[in-house]
Chemist: 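This is the structure I want to talk about, given as structure tokens.
Here the structure is a predicted model, which is why all the values come from computation and not from measurement. In listed order, ligands and their atoms are each counted from 1.
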Amino acid sequence: MNDKRITVYAGSFDPITNGHLDLLDRALKIFDNIIIAVAENPAKQPLFTLEERLDLIRASLKNHQKPDRIRVDSFKGLLVDYVERCGAMAILRGLRAVSDFEYEFQMALMNRKLSRTPETLYLMTGARWIYISSRIIKEVVQAGGRVTGLVPEAVEKKLREKFEIDSA
Ligand code: PNS
């Protein structure tokens with residue numbers, strides 16, 4: 001029997017932000033192992049390819065203090081099936097504001113309908129990241145703004161390359 005407490009932190013991560021990393025560190029206080037699972041979601045049109053998103057997560061975790069407790073992976077199809085294959089007990093998601101609630105509530109209940117096995121666990125990001133989302137980060141960089149301190153360095157660099165913005 002696997003007695004490790006494993007959770008799957010699922011999302012699009014398009015791209016990963018400091019808010020995601022904050023949540024990861026909070027979850028490491030509760031779980032033994034965390035699998036960051038990037039969805040290969042054909043319904044969404046991400047800015048970054050799956051490989052780019054995985055690479056950016058790995059680059060952002062390069063100096064992490066507990067690398068042996070974190071795995072970075074991707075999945076296709078239903079999240080609950082992936083969670084079961086991983087032997088995880090929970091799906092981890094972040095909650096920022098009330099506006100997140102409706103979507104998250106719907107997703108958690110649908111996942112519960114699909115499988116009784118994993119519980120969905122919500123953690124609050126730190127207050128300093130509460131207004132950050134991958135979407136707003138992309139919008140700011142595309143419009144020529146800086147997001148230094150809100151995303152890992154590798155992410156800001158890649159965003160500027162993607163939008164062909166001079167880094168000077
Ligand atoms: O970061 P996101 O885009 O809000 O993450 C959403 C994600 C990837 C967790 C969700 O779309 C998902 O689980 N996709 C896999 C397909 C699935 O299982 N759908 C049913 C759950 S609603």
Chemist: Salt bridge between Asp81 and Arg85, side-chain N to carboxylate O under 4.0 Å?
Modeler: no

Chemist: Does the pair Thr17 and Leu150 meet the rule for a side-chain contact (heavy atoms from CB on, under 4.5 Å), with working shown?
Modeler: CA-CA 7 Å; Thr17 68; Leu150 302 179; over 6 Å; no

Chemist: Could you tell me, atom by atom, which parts of ligand 1 come under 4.0 Å of a heavy atom of Ala39?
Modeler: 8 (C)

Chemist: Nearest protein heavy atom to atom 18 (O) of ligand 1, by residue and atom, and its distance?
Modeler: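 Heavy-atom neighbour on the protein nearest atom 18 (O) of ligand 1: Leu79 N, 2.8 Å.
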
Chemist: With the side chain counted from C-beta on, respond yes when Lys138 and Asp14 share a heavy-atom pair under 4.5 Å apart, and no when they do not.
Modeler: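 Counting from C-beta outward, Lys138 and Asp14 do come under 4.5 Å.
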
Chemist: Looking only at protein heavy atoms, which one is nearest to atom 5 (O) of ligand 1, and what is the separation?
Modeler: Arg93 NH1, 3.2 Å

Chemist: Checking a contact table here: which protein heavy atom is nearest atom 11 (O) of ligand 1, and how many Å away?
Modeler: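 Closest protein heavy atom to atom 11 (O) of ligand 1: Asn41 ND2, 3.8 Å.
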
Chemist: With the side chain counted from C-beta on, respond yes when Ile16 and Phe48 share a heavy-atom pair under 4.5 Å apart, and no when they do not.
Modeler: no

Chemist: Checking a contact table here: which protein heavy atom is nearest atom 6 (C) of ligand 1, and how many Å away?
Modeler: Tyr103 OH, 3.4 Å

Chemist: Side chains of Tyr82 and Asp73 only: does a donor on one sit below 3.5 Å from an acceptor on the other?
Modeler: yes

Chemist: Say whether Asn111, considering both its backbone and side-chain N or O atoms, lies within less than 3.5 Å of an N or O atom on ligand 1.
Modeler: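 N/O-N/O distance below 3.5 Å does not exist for this pair.
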
Chemist: Name the closest protein heavy atom to atom 16 (C) of ligand 1, giving the residue it belongs to and the distance to 0.1 Å.
Modeler: Gly77 O, 3.4 Å

Chemist: Between Pro152 and Lys62, is there a side-chain heavy-atom distance shorter than 4.5 Å?
Modeler: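 They are not in side-chain contact.
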
Chemist: Taking non-hydrogen atoms only, is Gln106 closer than 4.0 angstrom to ligand 1 via side chain, backbone, both or neither?
Modeler: neither

Chemist: Are Arg93 and Thr120 side-chain neighbours, meaning at least one heavy-atom pair lies under 4.5 Å?
Modeler: yes

Chemist: Number the atoms of ligand 1 from 1 as they appear, then name those within less than 4.0 Å of a heavy atom of Lys44, with their elements.
Modeler: 2 (P), 3 (O)

Chemist: Please check atom 8 (C) of ligand 1 for a protein heavy-atom neighbour under 4.0 Å.
Modeler: yes

Chemist: So do the side chains of Arg160 and Arg146 get within less than 4.5 Å of each other, counting heavy atoms only?
Modeler: yes

Chemist: Tell me the protein heavy atom at minimum distance from atom 19 (N) of ligand 1, and give that distance in Å.
Modeler: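 That would be Leu78 CD2, 4.2 Å.
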
Chemist: Considering heavy atoms of the protein only, find what lies nearest to atom 2 (P) of ligand 1 and give residue, atom and distance to 0.1 Å.
Modeler: Ser12 OG, 3.5 Å

Chemist: What residue and heavy atom of the protein are closest to atom 22 (S) of ligand 1, and at what distance?
Modeler: Met107 CG, 3.3 Å

